[in-house]
2 protein chains.
Amino acid sequence: MPQSKKHLRDPDKTKIRIMAAATAEFAKMGLGGARVDVIAARAKVQKRMMYHYFGNKETLYRTVLEEAYSKFRAAEAALEIENDPPLQALKRLMEFTWNYYLENPEFISLVSTENLHKAKYLKKSPRLELLNKDFVKRMELLLSRGVKAGVFRPHLDAVQVLIALAGLAYHYLTNQHTGEIVYGRSLMTIEARQARLSFNIEVITHALCQPEALIVMREAA
Amino acid sequence: MPQSKKHLRDPDKTKIRIMAAATAEFAKMGLGGARVDVIAARAKVQKRMMYHYFGNKETLYRTVLEEAYSKFRAAEAALEIENDPPLQALKRLMEFTWNYYLENPEFISLVSTENLHKAKYLKKSPRLELLNKDFVKRMELLLSRGVKAGVFRPHLDAVQVLIALAGLAYHYLTNQHTGEIVYGRSLMTIEARQARLSFNIEVITHALCQPEALIVMREAA
DNA sequence: ATCATAAATAACTATTTAGTTATTTCAAGA
DNA sequence: TCTTGAAATAACTAAATAGTTATTTATGAT
């Protein structure tokens, strides 16, 4: 069956359409479950074009993954929490993380899929190594500013904090579907989402702050 | 090529071998990536037997998932934290969760895979609904005991706490592979694992305890 | 012992799937 | 305007894959 509408020649847009379709399909079906033909159909592109621009399914997957990561890190860096007071910076970072995951569910799906494969494909990607170096530094700076201000507890490990911070949001959202069954409760209503974000901020605040600072905050409330 | 070794007739052991092989394959490859032929080969069973005992690939997957969940809940219930003092009960529960995830990586992989599919298959499983009801009750009891003892903060939501508790362990372990790339640090050495468990306990303790209790604990240390 | 039944084996098939070969068409630079 | 190289289309293929049909074989009850 010949295609009714022929495409004008536009390699950039073609590539973008393939990437968008592939992102959706890989996020939904995983690497093994994704179908090249489905991607081509969604992108409204001849399958041959995917092979032309990306070589094969695996490379396309890797490219999708790289793109997703680099967009996330770019958005995060744009936050510029450096100048906020420590507690507010922490809160802003958590809100950003939560909202980004919420608004970009395909990002967390892709990361989960990649972890299923033990990050085999991300390891092949030299491009990503650079991106992630300095945001550990940013957290270290934030923590030491907080300690200096007398509000954070000393000797906290930035990586542990970062993983906790991400994990509290990530796990709730990725595991929302089994979660709703297991906990017998709707987890994604507006109220539930707001309650969760507040709770996460509360957990991290309590984990990082000096107990004395917490008492002051409680009195103030 | 005829199979060199013929199997004695033992339907139970055959089913168990198929389940074990399927668990490994689904955990490693996801639902879409898993191959029925690989499962049969690993189980050292004719592929026909899988269809004989389980009907089809999807049902086998669902059975594997149900089994994994029910084993986990059984192990958890066997903990019997009801009689421990609140803080100790909390600590034991966190240690159990951490160690269970660590020792049963296929469980968390299966749960992640199932969530990729929006829990479509678990929803079809009436068997699981029952299992999960009373462990929210157990956490509610634990929290109220802690409040009564003056050690926990009041008005905490048991479900939020349970999700936080699971999430801190789950996310670290499922995302260990991308995590090692992103944070440029080994996350699974004995020391790293111990450090993480301690950190998680610290986070939850600080989140749940009254600041005054934290000060007392700090002085005591 | 033998017979009925379920367990196990062997061989096959219709589809699906990733990837290719071959051809046509457009658009920009000479 | 003509030519050339890349963009797009069309049609194909070999391998993989879930699921079947047909047959043989062991075992426990009679």
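On a predicted model such as this, the values are computed, not experimentally measured, just so you know. Computed over heavy atoms, backbone and side chain alike; hydrogens, waters and symmetry mates excluded. In what follows, chains are A, B, ... by sequence order, proteins preceding strands, each numbered from 1.
Look at A/Glu114 and A/Lys123 and you find no salt bridge, because none of the NZ, NE, NH1 or NH2 atoms lies under 4.0 Å from a carboxylate O. Using a 4.0 Å cut-off between charged side-chain N and carboxylate O, B/Asp157 and A/Arg185 make a salt bridge. A salt bridge links A/Arg138 to A/Glu76: at least one charged side-chain nitrogen sits closer than 4.0 Å to a carboxylate oxygen.
Note on A/His52: a side-chain N or O is less than 4.0 Å away from OP1 or OP2 of D/dA7. Between B/Thr14 and C/dA8, a side-chain N or O to OP1/OP2 separation shorter than 4.0 Å is present. For B/Tyr53, a side-chain nitrogen or oxygen approaches OP1 or OP2 of C/dA8 to under 4.0 Å. The shortest distance between the side-chain N/O atoms of A/Arg35 and the OP1/OP2 oxygens of C/dA18 is below 4.0 Å.
Within the 4.0 angstrom heavy-atom criterion, only backbone atoms of the sugar-phosphate kind lie near B/Ala34; the bases stay farther away.
Look at NZ on B/Lys13: it is 12 Å from P on C/dA8, rounded to the nearest Å. We find that CE of B/Met50 is positioned 12 Å from C1' of D/dT20, with the value rounded to whole Å. With rounding to whole Å, B/Lys47 atom NZ is found 7 Å from D/dA18 atom P. If you measure from atom CZ of A/Arg17 to atom C1' of D/dA8, you get 11 Å, rounded to the nearest angstrom. Summarising the geometry, the separation between OH on A/Tyr51 and C1' on C/dA22 is reported as 17 Å, rounded to the nearest angstrom. At whole-Å resolution of the value, CG in B/Asp37 and C1' in C/dT13 are 14 Å apart. Counting to the nearest Å, the P atom of C/dA6 and the CG atom of B/Asp10 are 17 Å from each other. Rounded to a whole Å, the CG atom of A/Leu60 is 16 Å from the P atom of C/dT17.
The nearest pair of heavy atoms linking A/Thr113 to A/Leu31 is CG2-N, 3.7 Å.
A donor-acceptor contact under 3.5 Å is not formed by the side chain of B/Arg48 with the base of D/dT23.
With C/dA18, D/dA8, D/dA18 as the candidates, the nucleotide lying closest to the side chain of A/Met49 is D/dA8.
Within 6.0 Å of atom CD in B/Glu80, 12 or fewer heavy atoms from other residues, nucleotides or ligands are found, so the atom counts as exposed in its surroundings.
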